[in-house]
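Not measured: the values here are computed from a predicted model. Chain letters run A, B, ... following the sequence lines, proteins first and then strands; every chain starts at 1.
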Protein chains: 2
Amino acid sequence: MRTQSTSNETIEMYLKTIAELGDGGAPVVIARLAERLGISPVSANEMVKRLGEQGLVAHVRYKGVTLTKNGRYIAHNVIRRQRLWERFLVDHLKMEWSGVYEMACRLEHATSNVLAEALSAYLGHPTTCPHGSPIPKSDGSLPLVSTRPLTALRVGEKGCIHSIQPTTTDVYAYLNRYQILPDRNFTVSEIAPMEGPITLDLPSGKVALGRSMAELVWVNV
Amino acid sequence: MRTQSTSNETIEMYLKTIAELGDGGAPVVIARLAERLGISPVSANEMVKRLGEQGLVAHVRYKGVTLTKNGRYIAHNVIRRQRLWERFLVDHLKMEWSGVYEMACRLEHATSNVLAEALSAYLGHPTTCPHGSPIPKSDGSLPLVSTRPLTALRVGEKGCIHSIQPTTTDVYAYLNRYQILPDRNFTVSEIAPMEGPITLDLPSGKVALGRSMAELVWVNV
DNA sequence: ATTCTTTATAAGGTCACCCTTATCTTTTAA
DNA sequence: TTAAAAGATAAGGGTGACCTTATAAAGAAT
């Protein structure tokens with residue numbers, strides 16, 4: 001007599017990923033979603049259909065998936081919980097900055113609302129995660145930040161790193177190794193042609209970043 | 001190309017439950033296991049067979065299931081992680097004593113070894129959970145404690161509550177309401193016949209406990 | 001306008017983990 | 001010792017979430 005519908009964990013991962021990829025509400029094409037979740041596009045398509053039936057997302061053929069109001073509320077709560085855990089892991093448990101995203105992702109699924117609020121209070125209601133991204137409020141609101149990816153800058157422009165977008169542990173580790181971290185100032189010293197690397201001048205030295213990695217680095221000018 | 005064997009979470013729940021029910025290594029009959037896990041005995045039987053194939057448990061027909069060395073190692077690590085989280089939830093997040101068992105159970109499944117060790121260090125390597133039970137060491141060892149259930153005492157005996165065995169939130173809440181908590185001293189003031197309630201004389205007053213609840217209360221005399 | 005690429009869907013599977021009902025065995029207790 | 005109770009298993013199902021291999025439809029590029 002067990003009515004087991006789609007598991008929370010699966011739903012949460014889909015909604016969170018849609019929110020992360022379609023930052024601010026842009027439609028996310030199913031193939032991108034599948035890629036990020038590490039599953040086949042066909043499976044993602046099936047799942048999106050189910051999420052649509054539950055009123056959590058809207059899908060327009062060949063355009064992409066967007067979150068409904070309800071879906072976004074859930075997604076932001078998921079992101080909130082994850083980023084709170086990230087703060088705890090980095091600030092209190094002194095865990096590696098590059099590994100906490102994945103660790104916190106797992107903890108997130110096991111976190112009730114009441115736990116999230118207790119954790120937030122314990123941490124002193126932080127507003128950003130260790131990667132610089134804002135932590136949504138418990139009402140699901142997420143402040144809009146006006147930053148842009150590093151790829152939008154031109155040679156000679158100076159800026160300050162605002163945040164690193166969600167990525168994998170190895171990418172975080174790479175960025176960490178070269179001190180590409182929130183709140184670091186830099187100057188764009190070179191942009192190679194043919195989609196080549198972007199070279200940054202940081203206090204710690206010069207670093208060349210490929211375009212796709214540079215997409216993940218959001219900056220203020 | 002996804003080789004998905006029996007999920008960690010499922011295995012962990014089975015092993016942990018066997019360890020909890022067969023405290024110290026007594027065989028656990030499959031029906032008890034099923035009851036505790038909230039599944040049918042047939043399903044539990046199937047699963048036990050799978051765990052047996054993986055060398056984690058041994059099952060003797062009509063006698064019960066026991067953990068192998070390897071199975072016990074995993075079970076104790078699971079219990080360790082859960083009890084560490086319980087400490088964190090109670091001591092730091094100030095969450096309700098009666099609810100933390102279930103909360104910590106969920107967090108446990110999302111906890112890697114490295115996280116568990118960091119958490120243990122953060123907490124100052126505690127040796128007992130908030131319900132009084134010992135926390136296994138990271139090598140899987142669990143100190144034997146020589147306590148007995150309240151049901152083993154006779155009228156007039158004095159004792160001190162050592163621990164409350166794992167149970168459901170509502171039972172914890174009941175015990176908490178009547179201050180039946182670790183380290184409280186008491187006298188057995190009455191034992192009703194016909195498997196009736198056992199009445200305790202506590203600093204906070206007299207409390208009558210049914211036999212099955214009294215089984216959960218472990219005491220030192 | 002036609003080809004190429006990207007995106008979506010249809011059809012048919014797999015696997016872990018759960019279910020019920022029916023049929024044994026073993027243990028226990030009258 | 002024999003019947004009842006408790007425990008185990010066989011047989012047959014179901015569901016969520018994934019998979020692969022087509023095929024169809026839309027958008028982009030020549």
Engineer: Enumerate the side-chain hydrogen bond (donor to acceptor under 3.5 Å, both in side chains) contacts for residues 18-46 of chain A, please, sequence neighbours excluded, ordered by first and then second residue.
Structural biologist: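 Sorted pair list: A/Glu20-A/Arg36, A/Glu20-A/Tyr101, A/Arg32-A/Glu35, A/Ser40-A/Ser43.
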
Engineer: Give the rounded distance in Å between these two atoms: NZ of B/Lys49 and P of C/dC17.
Structural biologist: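 For the pair B/Lys49 NZ and C/dC17 P, the rounded distance is 15 Å.
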
Engineer: Nearest to the side chain of A/Ala31 - C/dT7, D/dA17, D/dT20?
Structural biologist: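 Closest nucleotide to the A/Ala31 side chain: C/dT7.
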
Engineer: OP1 or OP2 of C/dA8 sitting under 4.0 Å from any side-chain N/O of A/Asn45?
Structural biologist: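 Result: no.
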
Engineer: Could you say whether A/Lys63 or A/Tyr14 is positioned toward the 5' end of DNA chain D, judged by the nucleotide with the nearest heavy atom to each?
Structural biologist: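 By nearest-heavy-atom nucleotide position, the 5'-most residue is A/Tyr14.
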
Engineer: Measure from CG on B/Leu37 to P on C/dC19 and round the result to the nearest Å.
Structural biologist: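 About 10 Å, once rounded to whole Å.
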
Engineer: Would you please confirm or rule out a distance under 4.0 Å between OP1 or OP2 of C/dC24 and any side-chain N or O of B/Arg61?
Structural biologist: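 No.
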
Engineer: Rounded to the nearest angstrom, tell me the gap between atom CD1 in B/Ile30 and atom C1' in D/dA5.
Structural biologist: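 In whole Å, D/dA5 C1' lies 18 Å from B/Ile30 CD1.
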
Engineer: Which one, D/dG7, C/dT20, D/dT21, comes nearest to the side chain of B/Arg32?
Structural biologist: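 When the side chain of B/Arg32 is considered, D/dG7 is the closest of D/dG7, C/dT20, D/dT21.
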
Engineer: Check the distance between C/dT7's C1' and A/Glu46's CD and give it to me in whole angstrom.
Structural biologist: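 Distance, rounded to whole Å: 15 Å.
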
Engineer: Using whole Å, what does the distance between atom P of nucleotide C/dT7 and atom CG of A/Leu33 come to?
Structural biologist: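 So the CG-P distance, A/Leu33 to C/dT7, works out to 12 Å.
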
Engineer: Are OP1 or OP2 of D/dA8 and a side-chain N or O of B/His59 less than 4.0 angstrom apart?
Structural biologist: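 Yes, because at least one side-chain N or O of B/His59 sits under 4.0 Å from OP1 or OP2 of D/dA8.
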
Engineer: How are the rings of B/His92 and B/Phe88 set to each other: parallel, tilted or perpendicular (split at 30° and 60°)?
Structural biologist: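 The arrangement is parallel - the two ring planes meet at less than 30°.
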
Engineer: With under 30° as parallel and over 60° as perpendicular, where do the rings of B/Trp97 and B/Tyr172 fit, or are they tilted in between?
Structural biologist: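 Rings of B/Trp97 and B/Tyr172: perpendicular, over 60°.
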
Engineer: For C/dC19, take OP1 and OP2 only and decide whether either is under 4.0 Å from a side-chain N or O of B/Ser43.
Structural biologist: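 Result: yes.
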
Engineer: Whole Å only: how far is the CZ atom of A/Arg50 from the C1' atom of D/dG16?
Structural biologist: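 Spelled out: CZ on A/Arg50 to C1' on D/dG16 is 6 Å.
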
Engineer: Looking only at side-chain atoms of B/Tyr62, point me to the closest of C/dC19, C/dT26, D/dG16.
Structural biologist: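 So the nucleotide nearest the side chain must be C/dT26.
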
Engineer: Quick one: is D/dA17 close enough that its OP1 or OP2 comes under 4.0 Å of any side-chain N or O from A/Thr10?
Structural biologist: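 True: A/Thr10 side-chain N/O within range (under 4.0 Å) of D/dA17 OP1/OP2.
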
Engineer: List in chain and number order the residues that pass side chain to side chain contact (heavy atoms under 4.5 Å, CB included) with A/Tyr62, two or more places apart in sequence or in another chain; answer none if no residue qualifies.
Structural biologist: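 Not a single residue meets the side chain to side chain contact (heavy atoms under 4.5 Å, CB included) criterion with A/Tyr62.
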
Engineer: The side chain of A/Ile39 lies closest to which of these nucleotides: C/dT7, C/dC19, D/dC19?
Structural biologist: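 The answer is D/dC19.
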
Engineer: Please state how far atom CD in B/Glu53 lies from atom P in C/dC17, giving the value in whole angstrom units.
Structural biologist: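 Rounded to the whole Å, the gap is 12 Å.
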
Engineer: Check the distance between C/dA16's P and B/Met47's CE and give it to me in whole angstrom.
Structural biologist: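 Rounded to the whole Å, the gap is 10 Å.
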
Engineer: Surrounding CD of A/Glu117 (heavy atoms of other residues, nucleotides or ligands, distance under 6.0 Å), is the total greater than 12?
Structural biologist: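 Enclosed.
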
Engineer: So, is A/Ser40 close to the D/dC19 phosphate, meaning a side-chain N or O under 4.0 Å from OP1 or OP2?
Structural biologist: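 Answer is yes, contact under 4.0 Å.
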
